[in-house]
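So that the names make sense, note that chain A is the first sequence line, chain B the second, and so on, each numbered from 1. All values below come from the heavy atoms of this structure, side chains included, with hydrogens, waters and symmetry mates left out.
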2 protein chains.
Amino acid sequence: MAHRDDSVETIQQEMTAFARRARATAARMHPELSLVSYTLLAHLDDQNGCRATDLAAHYFLDKSTVSRQIAALEKLGFVERRVDPDDHRVQVLHPTQKGAQVLANVTASRRQAFHERLADWDEADLDRFASYLLRYNAAQERLG
Amino acid sequence: MAHRDDSVETIQQEMTAFARRARATAARMHPELSLVSYTLLAHLDDQNGCRATDLAAHYFLDKSTVSRQIAALEKLGFVERRVDPDDHRVQVLHPTQKGAQVLANVTASRRQAFHERLADWDEADLDRFASYLLRYNAAQERLG
DNA sequence: ATCGAGAGTTGTATTAGCCAACCATCGATA
DNA sequence: TATCGATGGTTGGCTAATACAACTCTCGAT
């Protein structure tokens, strides 16, 4: 069990180290779009629009948090709200033209940065790393 | 390059997904010690004491942030300051008895949670995952 | 027609972080 | 040896992200 403990300890340490820095790094690289905004906007783009409630559920955020984030994105002209004609309670959120553009830029530059960081990894390692992360996060989601 | 792009995209997504949740999870699990406090305290314990400046450098935090975090930990009775007799500018920080105790508890419970998440992983996978994370973070440190 | 549930917003508070201005001390050097 | 730049640390002021609670509006079922 000793070796197993060591690995777990390392994973724990490194994941949290990563967590501490991710936000700051994102902010430095993309002052126009914070990590959260970016994620939300990307989700909207990916889903071809969705409700604020869906975002909150998907990212485990409070609905008030999402509401304010969306308000900010709207003020920047990056998302627009379309009231659902069948249910006037819901607003379906979509990236605007401008929002899609900014998203594309940030995505490209983030991908670039990640590529640099991962440049000397061979494909098999990348693939395994990606699958480990998926597996890990799925477990986290399952167990809280 | 297509497959490589996919892996990179996944790594990016999952790392950031993790980052978004880590703090909240930590806060929920250990209200008595935030993620940052925990990390700083753990470092002090690990290093058998160090300076605030060292903490800031190691974790890429502003010295003011560290100063306030340490002040909070001191108020809670978890760390103590010992002025370096050879240089009255520096305060060497140490966990107190109480701080070491709390740290041990939180560490145990965190480790427990991680073990649950990773229970069905075999040892080789754990080991590889840990080394990937180390490698990734080292690259991030190198490249900013 | 009413009432409970769901979608969103707003008020309030907390936490973590940054930057800049500051104070005290140290060590080198003019 | 008096001074000055560098170092360690604190404080003031600000922002971003978040949570929780209270609220409004709308819907659907009774």
* Asked: Counting just side-chain N and O atoms, does A/T65 come under 4.0 Å of either OP1 or OP2 of D/dA19?
  -> yes

* CZ of A/R110 to CE of A/M29: how many Å apart, nearest 0.5 Å? -> 5.5 Å

* Asked: What is the distance from CG of A/L40 to C1' of D/dA17, rounded to the nearest Å?
  -> 11 Å

* Would you please confirm or rule out a distance under 4.0 Å between OP1 or OP2 of C/dA7 and any side-chain N or O of A/Q91? => no

* Go through the steps to decide whether B/R135 and A/D125 satisfy the test salt bridge (charged side-chain N to carboxylate O under 4.0 Å, His left out), and finish with yes or no. => CA-CA 11 Å; B/R135 189 174 168 190; A/D125 283 338; 3.5 Å; yes

* Listed nucleotide nearest any side-chain atom of B/H88, set C/dC26, D/dG9, C/dG17 -> C/dC26

* To do: Please determine if a side-chain N or O atom of A/Q69 lies less than 4.0 Å away from the OP1 or OP2 oxygen of D/dT18.
  => yes

* Quick one: is B/S67 getting a side-chain N or O under 4.0 Å of the D/dT10 phosphate, OP1 or OP2? -> yes

* Asked: If you check the B/R51 side chain, which of C/dC19, D/dG8, C/dG17 turns out closest?
  -> D/dG8

* Measure from the side-chain heavy atoms of B/K63 and tell me the nearest of D/dG9, D/dC20, D/dA17. => D/dG9

* What is the distance from atom CG of A/L103 to atom CG of A/D45, rounded to the nearest 0.5 Å? -> 5.0 Å

* Kindly say whether, by distance alone, the side chain of B/R68 makes a donor-acceptor pair under 3.5 Å with the base of D/dG9? => no

* Using a cut-off of 4.0 Å on non-hydrogen atoms, how would the nucleic acid contact of A/I70 be classed: base, sugar-phosphate, or nothing? -> nothing

* Asked: In terms of the angle between their ring planes, are A/F129 and A/W121 parallel, tilted or perpendicular, with boundaries placed at 30° and 60°?
  -> parallel

* Under 4.0 Å between a side-chain N/O of A/S64 and OP1 or OP2 of D/dC20, yes or no? -> no

* To do: Answer yes or no: does a side-chain N or O of A/R81 lie under 4.0 Å from OP1 or OP2 of C/dT9?
  => yes

* Asked: A/D62 near the nucleic acid: base, sugar-phosphate alone, or nothing, with a heavy-atom cut-off under 4.0 Å?
  -> base

* Could you check which of D/dA17, D/dT7, D/dA19 has an atom nearest any side-chain atom of B/R89? => D/dT7

* To do: Can you tell me the distance, in whole Å, between the CG atom of A/D86 and the P atom of D/dT26?
  => 15 Å

* Which part of the nucleic acid does B/Y59 contact within heavy-atom distance under 4.0 Å: base, sugar-phosphate only, or nothing? -> nothing

* Asked: Is B/R128 positioned over the aromatic face of A/Y132, cation under 6.0 angstrom from the ring centre and no more than 45 degrees off axis?
  -> no

